[in-house]
Structures are given as C-alpha cells and as structure tokens.
Amino acid sequence: MGNVIILGSQWGDEGKGKIVDLFSERFDIVARYQGGHNAGHTVFIGDKKFVLKLIPSGILRPGKKAVIGNGLVIDPAALLSEIEALESAGVEVTGNLSISNRAHVLFPSHRMLEKMSEARPGRVSIGTTSRGIGPCYEDKMGRRGVRVADLLDTAFFRSQYDSVMQEKVTLAKAFGIYEELDLGRIREEYEALAERIRPMVCDTALLLNRAIRGGKTVLFEGAQGTMLDVDHGTYPFVTSSSASAGGASTGTGVPPTRIQGVIGVSKAYITRVGGGPFPTEAVNGVGERIRQRGNEFGAVTGRPRRCGWFDVPLLRYTAEINGFDSLVVTKLDVLDEFDNIPVCVGYQCGKQEVAEMPPTVRQIEKLEPVYECVPGWNASTFGISSFDDLPIKAQEYLEFLEDRTGVEIGCISTGPERTQTIIRRGSRLEKLIA
Ligand code: GDP
Ligand code: IMO
Ligand code: MG
C-alpha cells in the first residue's frame, strides 16, 4: 500500500470516476493533478448520479480529504457551482477540500479566445469542450497567467486585472472574435468568488507531502487520458495538460520517489470525443451499436462519442509512457451481445508493419489496423463481481487482452455501480490498493 496514480489509458472517459470513487475507500486523500472542468467523471451511488468536473471523485466518501493540485486550471464560478450542487445533495465539501494556491485561474476571456483556434476560418478545429482550457494553459506557459494566490491578493489582482484583460480584448478584436465582456463586472465577480474559495486555499504540495510523511496515503486522479496528453497524445488533437503519470508529480508537487504505483483505466473497447485520428473507429452502424449499448455521450458536452475496437498497440504505447502496474478494464458488459469482437493487434501502412506509435497525425491517419476476431460470449456480464462467474469466453477475451498488451488486468468493471466490479485475487492491483 502506498500512493497510487489512476489515469486514463485511451482518449478519456474510460470510467476513471467510478474506479477512483471505488478505490478511494482505501486511501486518505484523493488529489487531481491536471485539467479543469473539461473533465466529466461520472459516479453512481445507489440511484444518485454525480458528475465531478474539478473536484476529485474521492469527495463522495465521507471523511476523505480531496485536493485540487497546482496543475489544474480553475474556473471559480464552475468550482463553486459544483460545490453547491454536491452540498445540496448532502456531500460535505468545504471542510474536506483543499485548493492549491498555485493553480491557475480561468476567466471568461479564455473561452472567448478559444474561438481563435476553434472557429476561425482556415484553422483545424480540435473539437474542444469550449471551456477555455487551452487558452488558460497558454497563459500559464506564457508566464502571464493569474494564479489562485494572485486572485486572493486583492490589491495586486486589481492592479493587474485591467492590463491582463486589455491584452485579451485587443487580441480578440484583431482576430474578429470579440464578444462584449463587462470587464468591471467580471472583476467584481471574481473578487467575490475569491472570498468564497479563500478558506479552502493553501499550499497543497506542503499539505500532501506532510500527510505522506505522517503515514497517510494519496490516490492521484488523472483527468482526460494519455492519448490526450499534450506531449504524448495525438498532437495537436489533445488537451493542454499532462494527463499521463508524470503529470501527477508536476501537478501536485509530490515527488516521483513518493509514488508507488500506476494503474491505467481502459474500456473493453475504445471511444474518443472531438476530432483527431482514431485507427480502430467502428463505422457502418457498428459504432452506433456500441454507442447505444454503452450510452456513449459526453458527460460534459453531451456530444456523441466516437466508438471503436480495443487497440492493443495503443495500449502498449500508453503502458510504456505510464509504466502501468495493472489495468482496470471497464464496460465489459457493453460487449455482451456481439458474436465476434475484433481486437486490433497491430498496425500496417500499406504492406509495411508499423510497430511503434507514429508521432504525427498524418502518419497515424494512414495506419490500417490488423484485427483478430475473438469470439463473443452472448450472455450478460452486467453486475458480475467475481472473475469465475464471468462466461468463459468473456474470461478468454480479457486473457487475450492481457496476453497481447503484456499488462495485468487486475480489475474489471461490469456496470456503473461500486458493487459491479471484479478485483482479481492475488493481482498487483489488489496489493497496491490493499
Ligand atoms: P471518466 O471521465 O473516465 O470518469 O468516464 P465518464 O464518467 O466520462 O464515462 C464513463 C461512463 O461509463 C459513465 O457514465 C459511467 O457511469 C459508466 N460506466 C463506468 N463503468 C461502467 C461499466 O463497467 N459498465 C457500464 N455499463 N457503464 C460504466
Ligand atoms: P475526462 O476526464 C474525453 C477532449 C475534447 C477535445 C480535446 C481538447 O472526462 O476523461 P479541451 O477542452 O480539453 O481543450 O479539448 O480533448 N477532452 C476529453 N475527451 N474526456 C475528457 O475528460 C476530455 N477532456 C477533454 O473533446 O477533443
Ligand atoms: Mg469523462
């Protein structure tokens, strides 16, 4: 038992929320390390549904502490409305949540500027969540961002605000994307929001490292997925943060030497929302069948998710980048009614075998998946909580994935609820969360 990272091994929406909620019972603190309210992590507890965006899913466990790390970009209005919604559903948030003083603050002007890359003629649209995430990270890396600590320093914030905003207005006007923003009213709103978050703000790196020294354990919750990571994903069709395991250290200030394990979450198939290459995308109605069975519509934007088959080379690539100790395979039940299940076991480009994930979208678009068809089980796996109770062909499907990816499958999810989960006895995963 130690400190463990849970993150997406595909293009996001793998079911991280459900798994983090489930495993957080065994940890003291759950910490998010990147992203913003572009994330949508769905958790079902009985008949109650929660969609967590900025707040770590661990908040749903009474008494557990939750941390929003320095690696996030925070829209304070979105954060407070998330807190209010949770508290009105009976979840205690303010006493259990700590927010990094070094996280960056997202403003309405970031949403406006997103149109510069997304809606301008001649630009390739990424199909973002339109939350302003990219422009906020641009300001961070451009060393002109406003951090939570700056927002709380009212005199400083007032003195900086006008020049920061004027720059955005000038840019937006130059690119013909300006929308009337009441800058004075926004400043006042942010000052009021600052007072409401102030009691939760602290140096979360110190808090986490002290807690670890005191024997407490931390579960790190990734948002998005490795193929959306700004460095390792299908650039430029990525998000603007480090969703992979390395991001957990930079995004919280907990050193790599204090992290004992990395668990990847993957669907039994694969989905992607937004633009970008997707070698195993299923077309001709099959994708639609997966979408309907899996209810594959975005938790944040409601957009239909593109659906396709499990991609072994992609998983091997993300396992390499993250060093997965174990894999959680979710939504096995969605494949219950297929006679045959194609699995991509390799890529070809023309007659040439392609062993490694190519770096460019141009190259990835040319990949032709090589499929092996695994027999389906045509029986319900919904809610099954023991590996031995799974139909033999479903067991064989999982063993096939395990064999081809070279990564242990330590946990299988067979439904959205906590109890609809299999943890394999004797697995590395079981030891990591013991
Ligand atoms: P996240 O962003 O990785 O947390 O994933 P999302 O919450 O965006 O999407 C996953 C969806 O699948 C959610 O609606 C979950 O409730 C649901 N889900 C998770 N695990 C399972 C499962 O094993 N079976 C089924 N049928 N649904 C699941
Ligand atoms: P969770 O944490 C799936 C995708 C967007 C778009 C790209 C860039 O729920 O898995 P952005 O708004 O981040 O600049 O959009 O990334 N994207 C996600 N796709 N799940 C997510 O989060 C995502 N967050 C962003 O659709 O393609
Ligand atoms: Mg999601």
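When a ligand or atom number is given, it counts from 1 through the structure's own listing order.
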Could you identify the single nearest non-hydrogen protein atom to [atom] and state the distance to 0.1 Å?
{"atom": "atom 3 (C) of ligand 2", "value": "D13 OD2, 3.2 Å"}
{"atom": "atom 18 (C) of ligand 2", "value": "L228 CD1, 3.6 Å"}
{"atom": "atom 13 (C) of ligand 1", "value": "T42 CB, 3.6 Å"}
{"atom": "atom 10 (C) of ligand 1", "value": "D13 O, 3.8 Å"}
{"atom": "atom 8 (C) of ligand 2", "value": "V238 O, 3.4 Å"}
{"atom": "atom 6 (P) of ligand 1", "value": "G40 O, 3.6 Å"}

Between [X] and ligand 2, is there a nitrogen or oxygen pair with a distance under 3.5 Å?
{"X": "R131", "answer": "no"}
{"X": "T239", "answer": "yes"}
{"X": "V273", "answer": "yes"}
{"X": "S240", "answer": "no"}
{"X": "E14", "answer": "no"}
{"X": "Q224", "answer": "yes"}
{"X": "G40", "answer": "yes"}

[X] with [Y]: basic N within carboxylate O range, under 4.0 Å:
{"X": "R291", "Y": "E288", "value": "yes"}
{"X": "E25", "Y": "R418", "value": "no"}
{"X": "K168", "Y": "D139", "value": "yes"}
{"X": "D13", "Y": "R305", "value": "yes"}
{"X": "K115", "Y": "E179", "value": "yes"}

Going by the order shown, which atoms of ligand 2 are within less than 4.0 Å of some heavy atom of [X]?
{"X": "T128", "value": "6 (C), 11 (P), 12 (O), 14 (O), 15 (O)"}
{"X": "I126", "value": "27 (O)"}
{"X": "R303", "value": "5 (C), 26 (O)"}
{"X": "K16", "value": "1 (P), 2 (O), 10 (O)"}
{"X": "H41", "value": "1 (P), 2 (O), 9 (O)"}
{"X": "A223", "value": "2 (O)"}

For this session: Give the single entry among P135, G127, A299, G274 that approaches atom 6 (C) of ligand 2 most closely by any heavy atom.
Result: G127
Seminar exercise, completed: Looking only at non-hydrogen atoms, the one of R305, K331, K267, K49 nearest atom 17 (C) of ligand 1 is K331
Under 3.5 Å donor-acceptor, [X] side chain and [Y] backbone:
{"X": "D150", "Y": "R147", "value": "yes"}
{"X": "S326", "Y": "G264", "value": "no"}
{"X": "R32", "Y": "P56", "value": "no"}
{"X": "S241", "Y": "A243", "value": "no"}
{"X": "Q260", "Y": "L432", "value": "no"}

Would you mind listing which atoms of ligand 1 come within a distance below 4.0 Å of any non-hydrogen atom of [X]?
{"X": "F44", "answer": "16 (O)"}
{"X": "S413", "answer": "20 (N), 21 (C), 22 (C), 23 (O)"}
{"X": "D333", "answer": "22 (C), 23 (O), 24 (N), 25 (C), 26 (N)"}
{"X": "G17", "answer": "4 (O)"}

Exercise. Can an N or O of G415 be found at a distance shorter than 3.5 Å from an N or O of ligand 1?
Worked result: yes
Exercise. With only distance considered, is G15 within less than 3.5 Å of ligand 1 through an N or O on each side?
Worked result: yes
Problem set entry | Contact with ligand 1 for Q224, non-hydrogen, under 4.0 angstrom | no
Do [X] and [Y] have side-chain heavy atoms sitting under 4.5 Å apart?
{"X": "V230", "Y": "Y137", "result": "no"}
{"X": "I74", "Y": "V105", "result": "no"}
{"X": "P369", "Y": "W309", "result": "no"}
{"X": "L332", "Y": "L398", "result": "yes"}

Exercise. What distance do E92 atom CD and I83 atom CD1 have between them, rounded to the nearest 0.5 Å?
Worked result: 10.5 Å
Exercise. What part of W11 sits under 4.0 Å from ligand 2 if we count only heavy atoms: the side chain, the backbone, both or neither?
Worked result: backbone
Exercise. Is there an N/O/S atom in G12 that lies less than 2.8 Å from the Mg ion (ligand 3)?
Worked result: no
Exercise. Rounded to 10°, how big is the angle at the Mg ion (ligand 3) from D13 OD1 to G40 O?
Worked result: 170°
Problem set entry | Exceeds 12 heavy-atom contacts within 6.0 angstrom, atom CG of N284 | no
Exercise. Relative to each other, are the rings of Y190 and F107 parallel, tilted or perpendicular (30° and 60° limits)?
Worked result: parallel
Exercise. How far apart are the closest heavy atoms of V218 and A31, and which atoms are they?
Worked result: CG1-CB, 4.2 Å
